Amino acid sequence: MKNFVEELRWRGMIHDVMPGTEEMLKEGMAAAYVGIDPTADSLHIGHLVGVMMLKHFQNAGHQPIALVGGATGMIGDPSGKSQERNLLDEYTLRQNQEGLKSQLQLFLDFHSDIPNKALLVNNYDWMKEFSFLDFIRDIGKHITVNYMMAKDSVKKRIGEESKTGMSFTEFSYQLVQGYDFLHLYKEYNCKLQMGGSDQWGNITTGTELIRRKLSGEAFALTCPLITKADGGKFGKTESGNVWLDPKRTSPYKFYQFWLNTSDEDAEKYIKIFTMLNQEEVTLLTHQHQAEPHLRILQKRLAEEVTTMVHGNKALEAAKDASAILFGKGTTDQLKNLDEATFLDIFEGVPQSEISSETLNQPLLNILSEQTGVFKSNGEARRMIKEGAVLVNKNKISEDYQFSKEDLIQNTFILVQKGKKNYFIIKVNSF
RNA sequence: GGGGAGAUUCCAGAGCGGCCAAAUGGGGCAGACUGUAAAUCUGUUGGUGAUACCUUCGGAGGUUCGAAUCCUCCUCUCCCCA
């Protein structure tokens with residue numbers, strides 16, 4: 001059995017850990033859980049840290065439990081939810097749960113007969129029948145308001161500078177989450193909850209509850225919140241979240257996301273998001289520092305994560321596409337691609353279709369109204385003036401007019417908005 | 001229940017009768033420089049038939065030649081007292 005805490009420690013994945021956790025885990029197989037909000041039917045990379053913790057946990061010979069927060073997710077956003085809405089939500093919830101599970105299987109072993117196979121549970125299952133009265137009597141009784149108020153998450157919300165206040169629902173959140181822990185402790189002998197550092201307060205409410213109600217001992221471990229060196233929010237791009245679902249974020253975009261991390265972040269991320277061992281990471285980091293322009297870390301990071309999530313084939317496709325788009329790709333090369341390769345490379349790149357007659361319309365018209373490359377004529381005009389718009393890799397000016405000459409394989413036009421944003425116009429010729 | 005403060009463009013936050021599509025900062029996007037990095041500098045950041053017009057400053061009315069700015073009512077938020 002590997003030392004789980006030690007493993008996370010060198011990876012920089014420990015923010016805080018409750019004393020005794022390491023010792024407890026050394027005693028033998030244990031169970032730990034991480035909560036996931038089922039707000040969508042796909043994970044996004046913000047979830048990945050928690051998932052990786054579970055993966056390492058299973059790797060170390062322990063049993064990982066992924067808890068889908070169906071109940072907690074419902075109260076997380078308390079504004080304006082009617083009963084009807086909640087019913088609908090249950091249906092969505094189940095679907096989301098299925099989506100999440102299929103993705104979690106990429107990381108965790110749910111099926112084999114090993115004793116530490118992963119589990120997926122949904123707190124909605126044990127919360128839905130729990131009446132309010134029963135809850136405040138059986139659970140609320142064990143935790144004082146004073147204790148709950150002392151939490152940072154609460155203090156911040158009721159303090160002087162707070163501008164929004166805090167509803168009772170939000171206040172009770174930590175207790176509901178605490179109960180989850182108690183429940184898993186009883187049902188699965190789960191003694192550890194993990195999560196982001198912002199979860200520390202909620203987790204310790206759980207351990208406290210277990211101690212007061214059952215005189216049991218439970219533990220907490222949190223990882224630092226993932227940040228970017230420039231202070232930006234991790235996991236967001238201009239088009240929103242980076243999802244694991246290839247329908248939401250194409251493998252190409254996914255690959256590009258990791259490839260684009262800054263040097264500083266790449267050193268951190270490769271430890272967190274890949275399974276590479278310490279020697280490999282150290283070696284790669286040294287190589288990278290010696291020749292930073294080769295971006296060894298970013299490439300390896302992108303390869304590892306993309307393979308893990310989308311598989312080898314998708315990785316190769318993403319790399320091919322990247323080479324053509326960012327390598328020394330020229331207009332000629334572009335035009336020489338056969339249709340299959342072209343479509344393959346640009347899979348996931350936004351597309352829109354127009355008819356061949358439309359091609360004769362003014363440039364701005366085509367770029368905004370007809371295809372939605374730009375939100376408005378004004379935006380299109382501005383960007384063209386800035387030299388940010390390329391057609392088939394050539395810069396264009398405002399008086400440019402599309403013609404048959406622009407069609408790749410008689411069908412496609414490749415429009416670039418800046419260096420990184422591609423767009424395909426498919427011209428139907430009939 | 002009483003008293004006070006407030007709701008502005010993606011966010012924060014100025015503006016308090018015309019010069020306001022609305023300062024400033026952040027964020028976003030783009031250009032230059034580069035290594036598809038960071039930092040830096042520059043431009044841009046409601047819409048259009050663009051020296052003008054249209055829609056926008058919590059909602060609905062009103063005053064005025066003219067309102068984000070004044071008045072009335074409403075909705076919501078925060079703070080203090082009970």
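Every chain is numbered from 1, with letters handed out A, B, ... down the list of sequences. Only a predicted model underlies this, so the values are computations on that prediction, with no experimental measurement involved.
Proximity of A:N421 to the phosphate of B:A30: a side-chain N or O atom is located under 4.0 Å from OP1 or OP2. OP1 and OP2 of B:G46 both lie 4.0 Å or more from every side-chain N or O belonging to A:S376.
The base of B:G35 sits within donor-acceptor range of the side chain of A:D263, with an N or O pair under 3.5 Å. Side-chain atoms of A:K385 stay outside donor-acceptor range of the base of B:U44, with no qualifying N/O pair under 3.5 Å.
Heavy atoms of A:E379 sit nowhere under 4.0 angstrom from any nucleic acid atom. Heavy atoms of A:Q298 sit under 4.0 angstrom from at least one base atom. Contact annotation for A:G378: base contact, defined as any heavy-atom pair under 4.0 Å involving a base atom.
Ranking B:G35, B:G31, B:C29 by closeness to the A:R295 side chain, first place goes to B:G35. For A:S262, the listed nucleotide lying nearest its side chain is B:A37; candidates were B:A30, B:G35, B:A37.
Atom NZ in A:K375 sits roughly 11 Å away from atom P in B:U48 (whole-Å rounding). For the pair A:W258 CH2 and B:A37 P, the interatomic distance rounds to 17 Å; values are reported in whole Å. Distance, A:N377 CG to B:G46 C1': 14 Å, rounded to whole Å. Straight-line distance from the CZ atom of A:R381 to the P atom of B:A30: 20 Å, rounded to whole Å. Per the geometry, CZ belonging to A:R382 stands 12 Å off C1' belonging to B:G28, to the nearest Å.
Straight-line distance between the C1' atoms of B:U56 and B:C29: roughly 22 Å, to the nearest whole Å.
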Q. Would A:T205 and A:N202 count as a side chain to side chain donor-acceptor pair (under 3.5 Å) if you check the C-alpha gap in whole Å, the side-chain angles of each, and the deciding distance to 0.1 Å?
A. CA-CA 5 Å; A:T205 300; A:N202 290 334; 5.3 Å; no
**Q.** salt bridge (Lys or Arg N to Asp or Glu O under 4.0 Å) between A:E264 and A:K268, intermediate numbers included
**A.** CA-CA 7 Å; A:E264 209 175 322; A:K268 244 177 15 192; over 6 Å; no
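By the 30° and 60° cut-offs, the orientation of the rings of A:F168 relative to A:F171 is tilted.
A cation-pi arrangement is absent between A:K417 and A:F423, since the terminal nitrogen or guanidinium carbon is not both under 6.0 Å from the aromatic centre and inside a 45° cone about the axis.
A salt bridge links A:E22 with A:R9: the distance from a Lys NZ or Arg NE/NH1/NH2 to an Asp or Glu carboxylate oxygen falls below 4.0 Å.
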